[in-house]
Amino acid sequence: MVATVLLCTVPDAPARAADDECRTQQLRAARVTASVHLKHGGEDFSKATGRLTVKVPKSWPRASDLLLNGDTEAYRTAMRCLLRFPDDPFPYRDTEGRTEPPEVAVGKRWVTVDQRVTTWVVSLQTRHFGPWSLTVGERLWDLELMRPPALDRSWWQEVTVDLGGRPARSMSSLPATGTATELTWTREKAGGKPPDVRVTLQPPAAKAWAARWSGHPWYVVDPLAWLLFDAALLGLLLYTARALRRAPAAVPRTGAETRTGRNLLVVGWLAFAITVVHYFDDPLLAHFANQGTALFWTDQHRVHVHAGLVLLTGLALCAFGRPGRAAAALVVPAAGYVVAVVSRPEWFALPAGLWLDWENDPGEVQWFRENGGMVAFAAACACLVFVWLVGAASSLLRVWRAAGAPVPGRPRGRLSPYALVAAAVVASAAPAAGVWAAQNLWEDQSWLSRRNADAMYGLWHMATLFNETRYFPSDWLDWFHGTYFWWWAPSLALLAVLRARARAAALAPAPGTAGGPEAALPPPAELLALKVFFVVCVAPVVGWYAGVPLPVLPLLALWLTLTGLLAFGGRRAVLHRRLPSGHRLHEVTGESDRRYLLKAARRHRELHALLRRLEQGQQEEDRSQLENELDRLHRLPHPAPPPGLPHTWIRLPPSVGPVELVLAWGPRSTTWGNACRGAYFAALISVPAVAILTWADRVRGIGWDDTFLQRFGFADTLASAVSLELLWVGAGFTLGALWRVLPGRRGPARASGLALAYAVPVLVQWAGNEVVDQPFGTWPLELSLTLLVLTLTGVAMDIDTFRGERRYWPSRAGLLLSVYQWRTASVQVAFLVAQLVALVTIWQQLKGSDPMILIERPPVDAPGGDSSGN
């Protein structure tokens, strides 16, 4: 009988211990309210926001512990009693987002704890957040209230469920009040059983699909769709290289043209090959693991495969870049160390499968911790980053140096000792920051765990920290190449080709291609290269709808828009306008006429100023004489005068005067010169825009705090700012290169056409967002800033065209007023309206909700590719 009684009481021992720890009997007087709000519209994924408010009497022994520091064990114990299951020593949630700790307020009789949590339904799994559990199925979702055991006998005054405009499919009990989409269970008096809240709902189809695409086998579709996009870019690069090879800038072709063209092909194929590895290293291995194919590699040694693939891609970049002997002397041992860690992990106190199981094999975790296994693995990650940085930097240097090498051969991307030291510092800092971010994430997700009261906590902590860090090699490739390097390298290769052609045309002009009036406009092959450069470097990459990526559609829309813009410019651009003789303006004027045209433009503006003063009675001049002189300025020498009339003149086309003709040529004599000038002005003008957009995307709200929960959070913020600057510099370069073929008489008009082309993919994305009810994000702000940067760049180009007159004007604004022939009042009104429009646009954009931050690991990265949950 004694044994029977003991056996019956053993299962209740943890519960009784928890009851004693939480003083459950004294929590019967606590008052509890809970609510959950689902939001489907205007979100990428369905968003669930939960709230739990608990009022405990001051007489509760642990009430004072709620006011302690969050790092104390007493605080965690008290919060665990009110928010979680007290008998669980290691509560860990990676599906719960918290912007701040629970708020604690002290009143006369009560201590109030208010917890707010959020989750996004990004996968088919059970998501726990606060007191709520959301089980996500393929079409139906089950929402359930999980009452903390210590509060099971408390007074649950009100429980509210807002289904986000979707009526429930079923529910556990009839609510006291509410509507079909907002249900409320209330209890007027204390005592009795709290309500059991279980609701089944059917979310919108778009949000159900968005969650389904992350599961097996659908996650393979995502890289396949993006691979089509990259294959289209590769096709454009190959087609451009072929067109440039068939139309050399000089005859015979220079060595720089040959080298840059060959580099463009190699970089295109190399970037595409690395992209294939980046797309399929995780999804394809996970798919094979789920199918039971080659489990030794796809499941048991997946991290080994990740490290091997990253090392091979980095070495491939080093082989192309040829960084020099000093770099090779560092790359070889770094690669050898990675190979040693991957092939013989036990030498470095690492588990054979690079996975720690603290529950079934605590001895291995203890051995790992005592012998510095984390340091050994972090060193291997640092070596991988170093190899990649050396390969990427040397490849970019080789691509650019090929355009200016004075002697034949293959230029090297040799790195200086300072560059190698910088690469080593960054390589060492990246894994350290990754481990720090993993620790911050651990603190955020296990904040209620027992740390000082349980001996197993250290093993659990170390195992979880390493299991999170072990994905560093794959995440590095996904982040650095998948976000930045895939477009940095082709963009620079295209710039190198254009630079080599510009030098070839200047040094050795070929008949009919350079050195005469025919060279005023970029040839068709270079126009094609500029279009591809705009697509690869400048254009936004969009096309994500309800979890399905369709980036080819915006790409096609952008290409058609660029083609149409240049075709329209071929008819309406100033230098394409036809004279009465049938010739075009760029055929009868050249760089040798610039000095005459500048003088004519200046005299044209002076005569117009005299006419305005004459109309206002401020000048006494012969109006007919002024008009006759203006009429002479609107004429050019006849390109093909009739026989016997060598000094015949021909009138300029309507709406084209000397000022418009000079502005159409741009500030420099060549297309490359105009392009570099546009890039220079855009680089200066875009600095404030970069700061504004970085703040809007990365800093405001919870963005800055969540930066340090992501593996490459801070580095990504810096890299994103650099990429924004490069994007707008590339846009300014394209504007300057296409300056003579874009429609419009002045810089802002030319810039607006290019800004429209930039906005077309975003407009396609917006149309798709309206269909699937997704948010538009900060795109309105980015489009406004892009238009502003390009417009100011166009204005700066116009001012720079008349830079010779700068010494005659007290400010650039005065010169601009004279060039554009605007009156002061009209300029002030236009500037005020522009300010108001910009302020309204930015305010409307920034007053919205904070950006969504996902800190959980995607299901496809789970061991074995299992998407059952995190």
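Please read these numbers as outputs of a predicted model, since none were measured by experiment.
Among residues two or more places apart in sequence or in another chain, the side-chain hydrogen bond (donor to acceptor under 3.5 Å, both in side chains) test is passed with Thr135 by Thr126. With sequence neighbours excluded, no residue satisfies side-chain hydrogen bond (donor to acceptor under 3.5 Å, both in side chains) with Arg139. Residues passing the salt bridge (Lys or Arg N to Asp or Glu O under 4.0 Å) test with Arg166: none are found, sequence neighbours excluded. Applying the side chain to side chain contact (heavy atoms under 4.5 Å, CB included) test to Ser446 and every residue at least two apart in sequence or in another chain returns Tyr92, Trp442, Ser449, Arg451, Trp460.
Side-chain contact between Val199 and Leu183 is present, with at least one heavy-atom pair separated by less than 4.5 Å. Between Trp358 and Tyr457 the shortest side-chain heavy-atom distance does not fall below 4.5 Å. Side-chain contact between Val56 and Val113 is absent, with no heavy-atom pair separated by less than 4.5 Å. Side-chain contact between Trp110 and Pro57 is present, with at least one heavy-atom pair separated by less than 4.5 Å. Looking at Pro345 and Pro351, their side chains never come closer than 4.5 Å, going by heavy atoms from C-beta outward. Looking at heavy atoms from C-beta onward, Glu468 lies in side-chain contact with Arg711 at the 4.5 angstrom threshold. Residues Leu82 and Leu27 have side chains in contact (heavy-atom distance under 4.5 Å, counting atoms from C-beta outward). Contact annotation: the side chain of Val161 approaches that of Trp132 to within less than 4.5 Å [non-hydrogen atoms, C-beta and beyond].
Taking a 6.0 Å sphere around CD of Glu188, one finds it holds 12 or fewer heavy atoms contributed by other residues, nucleotides or ligands. A 6.0 Å sphere centred on CH2 of Trp218 holds no more than 12 heavy atoms belonging to other residues, nucleotides or ligands.
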- [ ] Could you go through the side chain to side chain contact (heavy atoms under 4.5 Å, CB included) check for Met462 and Leu459 one step at a time?
- [x] CA-CA 5 Å; Met462 180 58 66; Leu459 300 181; 6.0 Å; no
Open item on the list: For a side chain to side chain contact (heavy atoms under 4.5 Å, CB included) check, start with the C-alpha distance between His287 and Asn290, then their side-chain angles and the critical distance, and finish with the verdict.
Closed with: CA-CA 5 Å; His287 175 70; Asn290 279 279; 5.7 Å; no
- [ ] For ring pair (Phe, Tyr, Trp, His ring centres under 6.0 Å), just list the numbers for Trp544 and Phe45, CA-CA rounded to whole Å, side-chain angles, deciding distance to a tenth of an Å, and then say yes or no.
- [x] CA-CA 12 Å; Trp544 188 89; Phe45 302 93; 5.6 Å; yes
Task: CA sep, side-chain torsions, deciding dist, call: Thr49, Arg116, side chain to side chain contact (heavy atoms under 4.5 Å, CB included) - done: CA-CA 7 Å; Thr49 304; Arg116 301 169 187 261; 5.7 Å; no
- [ ] Take Thr464 and Gln445 through the side chain to side chain contact (heavy atoms under 4.5 Å, CB included) test and state the conclusion after the steps.
- [x] CA-CA 11 Å; Thr464 307; Gln445 296 176 347; over 6 Å; no
Task: Working for side chain to side chain donor-acceptor pair (under 3.5 Å), residues Trp213 and Asp222 - done: CA-CA 8 Å; Trp213 282 105; Asp222 183 90; over 6 Å; no
Task: From CA spacing to verdict: side chain to side chain donor-acceptor pair (under 3.5 Å), Asp475, His306 - done: CA-CA 9 Å; Asp475 290 347; His306 289 168; over 6 Å; no
TODO: Test side chain to side chain donor-acceptor pair (under 3.5 Å) on Ser123 and Ser214 and set out the steps.
DONE: CA-CA 6 Å; Ser123 59; Ser214 62; 4.6 Å; no
Open item on the list: With side chain to side chain donor-acceptor pair (under 3.5 Å) as the criterion, how do His461 and Gln439 come out once you've worked through the C-alpha distance, each side chain's angles and the decisive distance to 0.1 Å?
Closed with: CA-CA 9 Å; His461 176 203; Gln439 175 63 26; 2.7 Å; yes
Enumerate donor-acceptor pairs with a distance under 3.5 Å from any side-chain N or O in residues 367-378 to protein atoms, sequence neighbours excluded.
from: Arg369; atom 1: NH2; to: Gln366; atom 2: OE1; distance (Å): 3.0
from: Glu370; atom 1: OE2; to: Gln366; atom 2: NE2; distance (Å): 2.6
from: Asn371; atom 1: ND2; to: Trp367; atom 2: O; distance (Å): 2.8

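Looking at Asp361, its side chain never comes within 3.5 Å of a backbone N or O of Asp357 through a donor-acceptor pair. At distances below 3.5 Å, at least one donor-acceptor pair connects side-chain atoms of Arg470 with backbone N or O atoms of Leu354. Side-chain atoms of Arg169 do not come within 3.5 Å of backbone N or O of Gln202 as any donor-acceptor pair. Checking side-chain atoms of Thr95 against main-chain N and O of His128 turns up a donor-acceptor pair under 3.5 Å. One N or O on the side chain of Arg62 and one on the backbone of Glu21 form a donor-acceptor pair closer than 3.5 Å.
Contact detail for Pro86 and Arg84: the closest heavy-atom pair is CD-O, 3.4 Å. Scanning all heavy atoms of the two residues, the minimum distance from Leu124 to Gly137 falls at CD2-O, 3.3 Å. Taking each heavy atom of Ser474 and Asp282 in turn, the nearest pair found is OG-OD2, 2.9 Å. The shortest heavy-atom contact between Val220 and Pro283 is CG2-O, 4.2 Å. Between Ala546 and Ala206, the shortest heavy-atom distance links the atoms CB-O, 3.5 Å. Smallest separation of non-hydrogen atoms from Thr694 and Thr717: CG2-CG2, 4.2 Å.
Under the 4.0 Å criterion applied to side-chain N and carboxylate O atoms, Arg198 and Asp142 are not assigned as salt-bridge partners. Salt bridge annotation for Asp773-Lys207: absent, with no cationic side-chain nitrogen under 4.0 angstrom from a carboxylate oxygen. Note on Asp196 versus Arg147: salt bridge recorded, some NZ/NE/NH1/NH2 to OD/OE distance being below 4.0 Å.
To the nearest 0.5 Å, atoms CH2 (Trp436) and CG (Leu709) are separated by 9.5 Å. The structure places CG of Leu140 at 7.0 Å from OG1 of Thr200, a figure rounded to the nearest 0.5 Å. Atom CZ of Arg109 and atom NZ of Lys58 lie 10.5 Å apart (nearest 0.5 Å). Separation of atoms NZ (Lys39) and CG (Leu163) is listed at 16.0 Å; rounding is to 0.5 Å. Once rounded to the nearest 0.5 Å, the distance linking CG of Leu350 with CZ of Phe466 reads 5.5 Å. Taken from CG in Asp705 to CG in Asp444, the straight-line distance is 10.0 Å, to the nearest 0.5 Å.
Side-chain contact annotation: Thr119 with Arg127, donor-acceptor N/O pair under 3.5 Å present.
In this structure, Arg212 satisfies the cation-pi test against Trp209, with its NZ or CZ atom closer than 6.0 Å to the six-membered ring centre and inside 45 degrees of the ring normal.
Using the six-membered ring where Trp is involved, Trp704 and Phe714 have ring planes that are perpendicular, over 60° apart on the 30 and 60° scheme.
Residue pairs that meet the ring pair (Phe, Tyr, Trp, His ring centres under 6.0 Å) test with at least one member in residues 142-198, sequence neighbours left out, do not exist here.
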